[in-house]
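This report concerns only the one structure given below.
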Amino acid sequence: MHIVGSAIFVTWMYLLMAVMGLVCAPALLGPRSWALACLRFYLVLVFAGLRVLCGVSYEVRGREHLPRGGALIASKHQSMFETLAFWCILDDPAIILKKELKHLPVFGWYAMKLKNVAVDRSAGSKALRDMLKQARERAAQGRQIVIFPQGTRVAPGGIESYKPGIAGLYSAMKVACVPVALNSGQHWPGSGFVRTPGRIVIEFLPAIEPGLPKEAFMRELETRIETASARLLQAGRS
């Protein structure tokens with residue numbers, strides 16, 4: 001039954017993306033707020049389908065840890081779910097994405113119109129400089145910069161190092177960094193299409209104040225995210 005519901009959901013999500021992306025294309029010629037409104041309406045329909053067809057809902061915890069205005073958000077990354085959900089949860093996020101994604105039809109159009117931060121990973125130190133420049137600009141506009149510090153999706157319980165780009169952002173932006181733990185991979189896997197019924201939890205943790213040395217910051221960030229994510233994973237198995 002999960003396979004059937006998941007297959008229908010995946011078809012619904014991508015067909016809706018194509019149809020709404022084309023219908024709302026004129027919004028790309030207007031202010032960014034028009035494209036953002038279209039995206040959020042699309043996500044309301046996607047998450048409604050996820051709940052009805054797959055029995056997957058989501059819960060947000062720790063909103064009180066989010067600072068007002070520009071902020072740095074460092075999130076665990078287990079599936080496509082959180083890449084979408086932050087657009088509903090945060091006021092005005094700018095997500096750090098692989099440069100290749102901006103060339104995708106429909107998705108890429110809106111990703112660029114919404115002024116996310118595209119990073120060319122093959123560009124070495126130039127990529128870091130470009131990322132820092134774009135991130136500072138977005139934060140100055142009062143937006144929340146979202147980065148997945150492990151750089152890729154990691155299955156629940158999996159191990160992947162935390163990349164130094166997050167430390168560069170933390171140092172350059174001189175703002176608090178809010179770690180985010182989650183368990184999305186238990187219900188929306190990073191690969192494959194079968195969704196497992198249950199509740200996805202996205203938990204914002206207490207902010208790490210600016211000013212820590214790089215090594216201390218990286219240790220603190222990884223400890224907080226991994227400890228809380230392991231707790232959520234264990235609770236989901238209970």
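No experiment lies behind these values; they were computed from the predicted model shown.
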Is there a path of hydrophobic side-chain contacts, each under 4.5 Å between heavy atoms of I, L, V, M, F, W or Y residues, that connects Tyr42 with Met112?
no
Nearest heavy-atom approach of Leu182 to Lys76 is CD2-O, 3.3 Å
* **Worked check of side chain to side chain contact (heavy atoms under 4.5 Å, CB included) between Tyr110 and Leu39** => CA-CA 8 Å; Tyr110 288 86; Leu39 173 62; 5.6 Å; no
request  = Using modelled atom types only, decide if a donor and an acceptor are shared between the side chain of Arg153 and the backbone of Gly190 within a distance under 3.5 Å.
outcome  = yes
query: Any chain of hydrophobic side-chain contacts (each under 4.5 Å) joining Met80 to Leu43?
result: yes
Discussion item. Can a side-chain donor-acceptor contact be found between Glu82 and His77 if the only test is distance below 3.5 angstrom?
Written reply: yes
One should read off an interatomic distance between Ser6 OG and Trp188 CH2, to the nearest 0.5 angstrom, of 10.0 Å
Interatomic distance, CZ@Arg32 vs CD@Gln141, rounded to 0.5 Å, equals 6.5 Å
Handout entry: Main-chain N/O of Ala111 paired with Asn116 side-chain donor or acceptor, under 3.5 Å
Key = yes
Here the gap from Cys24 atom SG to Phe41 atom CZ, rounded to the nearest 0.5 Å, amounts to 8.5 Å
Smallest heavy-atom separation, Ala118 atom then Lys99 atom, equals CB-CA, 4.2 Å
Practice prompt. Evaluate the side-chain proximity of Met20 to Leu45: yes if any heavy-atom separation is below 4.5 Å, no if none is.
Written response: yes
Output for pair (Glu222 CD, Ser161 OG), nearest 0.5 Å, gives 8.0 Å
In this structure, CE of Met131 is separated from CD1 of Ile145 (nearest 0.5 Å) by 10.5 Å
*Could you walk me through whether Ile96 and Phe148 pass side chain to side chain contact (heavy atoms under 4.5 Å, CB included), step by step?*
CA-CA 8 Å; Ile96 295 178; Phe148 302 114; over 6 Å; no
Checklist entry - With hydrophobic residues grouped by side-chain heavy-atom distances under 4.5 Å, do Val23 and Val106 end up in a single group? => result no
Practice item. Return yes if some donor-acceptor pair links the side-chain N/O of Lys113 with the main-chain N/O of Gly108 below 3.5 Å, else return no. Key: no
message: Just so I know, are the side chains of Leu28 and Trp34 near enough to count as touching, which here means a heavy-atom distance under 4.5 Å?
response: no
Nearest heavy-atom contact between Phe9 and Cys54 is CB-SG, 3.6 Å
Task: Check: Arg224 side chain, Pro206 main-chain N or O, donor-acceptor pair, under 3.5 Å - done: yes
| request: For the residue pair Val117 and Arg138, establish whether any side-chain heavy-atom pair is separated by less than 4.5 Å. | output: yes
Heavy-atom neighbours of Ile159 CD1 exceed 12 at 6.0 Å:
no
*Got a donor-acceptor contact below 3.5 angstrom from the Ser184 side chain to the Ile200 backbone?*
no
| query | Between Tyr58 and Phe81, does the ring centre distance come in under 6.0 Å? | reply | yes
Any side-chain heavy-atom pair of His2 and Pro197 under 4.5 Å
yes
### Task
Could you tell me whether Asp92 and Lys115 make a salt bridge, using a distance below 4.0 angstrom between a side-chain N and a carboxylate O?
no
**Q.** Min side-chain heavy-atom separation Leu72-Ile147 under 4.5 Å
**A.** yes
Check this for me, if you would: do Arg61 and Glu59 make a salt bridge, where the nitrogen-to-carboxylate-oxygen distance has to be below 4.0 angstrom? yes
* Asked: Under 3.5 Å, is there a donor-acceptor pair between the side chain of Lys163 and the main chain of Gly151?
  -> no
**Asked** Going through the checks in order, is the side chain to side chain contact (heavy atoms under 4.5 Å, CB included) test met by Val180 and Ile73?
**Response** CA-CA 7 Å; Val180 184; Ile73 312 294; 3.4 Å; yes
**Prompt:** After noting the C-alpha distance and the side-chain angles of Leu104 and Trp109, does the key distance pass the side chain to side chain contact (heavy atoms under 4.5 Å, CB included) rule?
**Reply:** CA-CA 8 Å; Leu104 294 177; Trp109 307 343; over 6 Å; no
Salt bridge or not between Arg219 and Glu215? Use side-chain N to carboxylate O under 4.0 Å. no
Does some side-chain heavy atom of Thr196 sit less than 4.5 Å from a side-chain heavy atom of Gln186?
no
In short, Tyr170 meets Cys177 closest at the heavy-atom pair CD1-CB, 4.0 Å
pair Ile202-Asn183: side-chain heavy atoms closer than 4.5 Å
no
Shortest non-hydrogen pair, Ala167 vs Met218, comes out as CB-SD, 3.8 Å
Hits for ring pair (Phe, Tyr, Trp, His ring centres under 6.0 Å) against Tyr162, two or more places apart or cross-chain, chain-then-number order -> none
Fill in: More than 12 heavy atoms from other groups under 6.0 Å of OH on Tyr14
no
Minimal heavy-atom distance between Met173 and Arg136, with the atoms involved, is CG-CG, 4.4 Å
(message) With clusters defined by side-chain heavy atoms of hydrophobic residues (ILVMFWY) lying less than 4.5 Å apart, directly or transitively, does Val52 cluster with Leu84?
(response) no
Checklist line | Any Ile166 side-chain heavy atom under 4.5 Å of Leu221 side chain | finding: yes
Separation between NE2 (His65) and CD (Glu203), nearest 0.5 Å, reads 7.5 Å
Checklist entry - Are Leu205 and Val175 connected, step by step, through hydrophobic side chains (Ile, Leu, Val, Met, Phe, Trp, Tyr) whose heavy atoms are closer than 4.5 Å? => result no
